[in-house]
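Working notes, structure below.
Lettering of chains follows the sequences in order, A, B, ..., and the numbering in each one begins at 1.
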Amino acid sequence: MIKVLFFAGLREQLDCDSLEVEAGGVSTLGELREVLSSKGDTWRVALANERLQMACNQELSHGDAAVRDGDEVAFFPPVTGG
Amino acid sequence: MIKVLFFAGLREQLDCDSLEVEAGGVSTLGELREVLSSKGDTWRVALANERLQMACNQELSHGDAAVRDGDEVAFFPPVTGG
Amino acid sequence: MTDISIVVQAEGFDPGAEYNALRRENTSDGATAIFVGNVRDFSPAISATTAPDSSSSGSAVAVMELEHYPGMAESALDAIAREAAERWPLGRVRVIHRYGRLAAGDEIVFVGITSAHRQAALDACAFIMDFLKSRAPFWKKELTAGGSAGQWVEAKKSDESALQKW
Amino acid sequence: MTDISIVVQAEGFDPGAEYNALRRENTSDGATAIFVGNVRDFSPAISATTAPDSSSSGSAVAVMELEHYPGMAESALDAIAREAAERWPLGRVRVIHRYGRLAAGDEIVFVGITSAHRQAALDACAFIMDFLKSRAPFWKKELTAGGSAGQWVEAKKSDESALQKW
């Protein structure tokens with residue numbers, strides 16, 4: 001399983017802070033994002049936001065990055081700390 | 001009269017922290033420096049140091065700057081505060 | 001060599017005590033640079049709905065909720081600090097970032113650096129703040145005094161472009 | 001608009017208290033940048049004559065005598081601070097510079113800036129330190145532990161060239 005986390009405005013849009021996705025058939029972050037987008041209109045719209053950032057195992061990453069069973073992936077809006 | 005101050009290593013070289021110079025015949029800082037240099041070998045050598053800085057009325061200045069009766073002039077090595 | 005300390009916490013912190021800790025038994029570093037970020041008492045997003053005299057009421061008005069990604073927040077700050085320590089000769093690096101509910105005037109972030117060189121300390125401080133702003137997983141939500149749902153702060157393009165100078 | 005405060009004094013100062021003063025009733029500035037310069041416990045000029053364990057003896061060893069030009073020191077710092085306040089939007093500027101006899105670890109100089117913008121606060125802090133180093137009339141003399149005549153610190157060319165970036 002791949003653990004997926006959502007933060008901030010995206011978490012609110014999806015009304016979901018985390019879920020698990022079967023690792024089978026998902027080899028990149030981009031593919032994982034497509035799988036999540038297919039969960040419904042709300043998901044499709046929210047995840048279509050090109051400014052969203054992605055992290056894999058707590059490091060900023062990109063759509064081509066590999067993802068595998070046991071990974072922790074996060075999607076979130078551009079950060080605004082500091 | 002022009003009040004003249006010396007600081008730090010220059011003060012120690014000259015063994016003098018301040019003196020007064022007749023304003024008559026002295027119209028620039030450079031001329032004042034020449035008058036002081038003529039006070040003896042120690043003065044000539046110490047004031048020949050090209051790295052010395054000058055201030056007139058507590059503002060950094062240069063040899064061409066005008067000086068007049070009542071001014072306060074200072075000579076000192078490059079500053080090393082902070 | 002560089003002593004790096006990263007903390008992500010809900011509690012407040014005391015910049016004076018942090019300064020003292022940076023200096024304790026540290027006479028080899030002549031330079032200390034510190035940046036502190038505080039919650040401002042106004043924002044374009046909430047100024048229209050906040051009474052102008054609300055800050056003078058004497059009660060602490062919650063104006064911000066800071067969300068973070070536990071684990072990644074710490075590791076992102078640590079990575080930024082390590083990058084700074086590779087670029088400049090730094091003695092100590094201390095970064096504190098708060099999360100949770102914060103009121104106007106509260107400290108949000110502390111970056112403290114010691115070095116033998118003033119420019120290294122100041123540059124590293126600016127570098128860490130710049131990368132923290134665009135790379136550390138924290139998100140600000142501004143809350144009105146009335147306690148309504150609030151509004152997420154938009155990331156500024158100027159923060160992303162600030163990275164280019166490094 | 002900018003609140004500028006310059007002090008030249010023999011007494012020590014407390015950076016924590018200075019931070020608190022910069023922040024007091026100041027919720028409009030979200031950014032505070034501070035630089036503190038301290039006396040280092042070694043120097044090329046005195047290391048050869050100082051025992052390596054002298055810093056662990058517990059007694060305060062006078063290592064530096066800071067001479068200044070009274071009057072001009074204050075006005076030079078004030079002019080530098082005003083120049084910074086013209087270049088950047090600053091809320092408060094506080095500069096403290098000590099003179100007299102200082103021991104290893106002692107604070108020499110404090111520059112504290114508040115601004116609505118972090119980059120302005122950090123840049124102004126670096127700017128003031130750079131100009132203070134080359135334009136404010138202070139001179140350091142390093143004293144050996146034995147109390148001999150001491151040696152004037154040479155101005156560094158890197159300090160003068162640091163001004164060129166501004």
Side-chain angles (χ1 to χ4, degrees), chain A residues 1-21 23 26 28-30 32-33 36 42-82, chain C residues 8 35-40 43 45 64-80 95-100 102 107-111 125-142 149-160 162-163:
Chain A
M1 302 293 275
I2 299 164
K3 186 176 183 183
V4 186
L5 307 174
F6 306 99
F7 290 98
L10 179 63
R11 172 179 54 73
E12 290 182 343
Q13 270 182 282
L14 301 175
D15 195 22
C16 175
D17 58 8
S18 74
L19 53 74
E20 299 212 318
V21 172
V26 174
T28 67
L29 283 180
L32 175 63
R33 189 165 176 164
L36 294 166
T42 301
W43 292 75
R44 186 176 48 74
V45 170
L47 292 170
N49 180 352
E50 291 183 355
R51 300 190 68 205
L52 285 185
Q53 298 185 329
M54 293 178 281
C56 186
N57 296 326
Q58 306 193 348
E59 288 203 9
L60 284 174
S61 200
H62 49 85
D64 294 337
V67 62
R68 58 181 64 89
D69 194 35
D71 281 353
E72 176 180 295
V73 172
F75 294 86
F76 43 77
V79 303
T80 56
Chain C
V8 175
F35 181 87
V36 184
N38 295 67
V39 181
R40 291 165 65 176
S43 146
M64 189 173 285
E65 180 81 31
L66 244 162
E67 182 169 332
H68 76 301
Y69 181 174
M72 182 177 167
E74 289 85 346
S75 61
L77 295 176
D78 191 63
I80 295 165
V95 181
I96 308 173
H97 203 301
R98 294 177 67 188
Y99 61 86
L102 300 176
E107 280 82 12
I108 304 171
V109 62
F110 176 94
V111 177
C125 198
F127 173 91
I128 289 174
M129 277 307 301
D130 278 354
F131 276 83
L132 183 158
K133 280 270 182 185
S134 290
R135 295 288 184 268
F138 294 88
W139 300 271
K140 288 190 183 114
K141 188 182 207 174
E142 289 174 343
Q151 186 163 337
W152 292 99
V153 173
E154 286 282 318
K156 284 185 282 188
K157 288 200 176 117
S158 61
D159 283 335
E160 186 63 32
L163 303 187

> Aromatic rings C:Y69 and A:F76: how do their planes relate, parallel, tilted or perpendicular, breaks at 30° and 60°?
Replying inline: perpendicular

> Given a strict heavy-atom distance threshold of 4.5 Å, which part of C:S134 is in contact with chain A: side chain, backbone, both, or neither?
Replying inline: backbone

>> If I measure from the heavy atoms of chain A, does C:E154 come under 4.5 Å with its side chain, its backbone, both, or neither?
In response: both

>> Need one label for C:R135: side chain, backbone, both or neither, based on atoms under 4.5 Å from any heavy atom in chain A.
In response: both

> Should A:Q58 and C:E74 count as side-chain neighbours, where that means a heavy-atom distance under 4.5 Å?
Replying inline: no

> Taking C:K140 for the side chain and A:G82 for the main chain, is one N or O donor matched with an acceptor at less than 3.5 Å?
Replying inline: yes

>> Is C:A136 in contact with chain A via its backbone, its side chain, both, or neither, using a 4.5 Å heavy-atom distance?
In response: backbone

>> Looking at A:T80 and C:A155, would you say the former's side chain and the latter's main chain have a donor-acceptor pair under 3.5 Å?
In response: no

> Would C:K141 and A:E12 pass as an ion pair if we require N to O under 4.0 Å?
Replying inline: yes

> Got a second to check how far C:M72's CE is from A:E72's CD, nearest 0.5 Å?
Replying inline: 10.0 Å

> Distance-only, no hydrogens or angles: does the C:W139 side chain make a donor-acceptor pair with backbone N or O of A:P77 under 3.5 Å?
Replying inline: yes

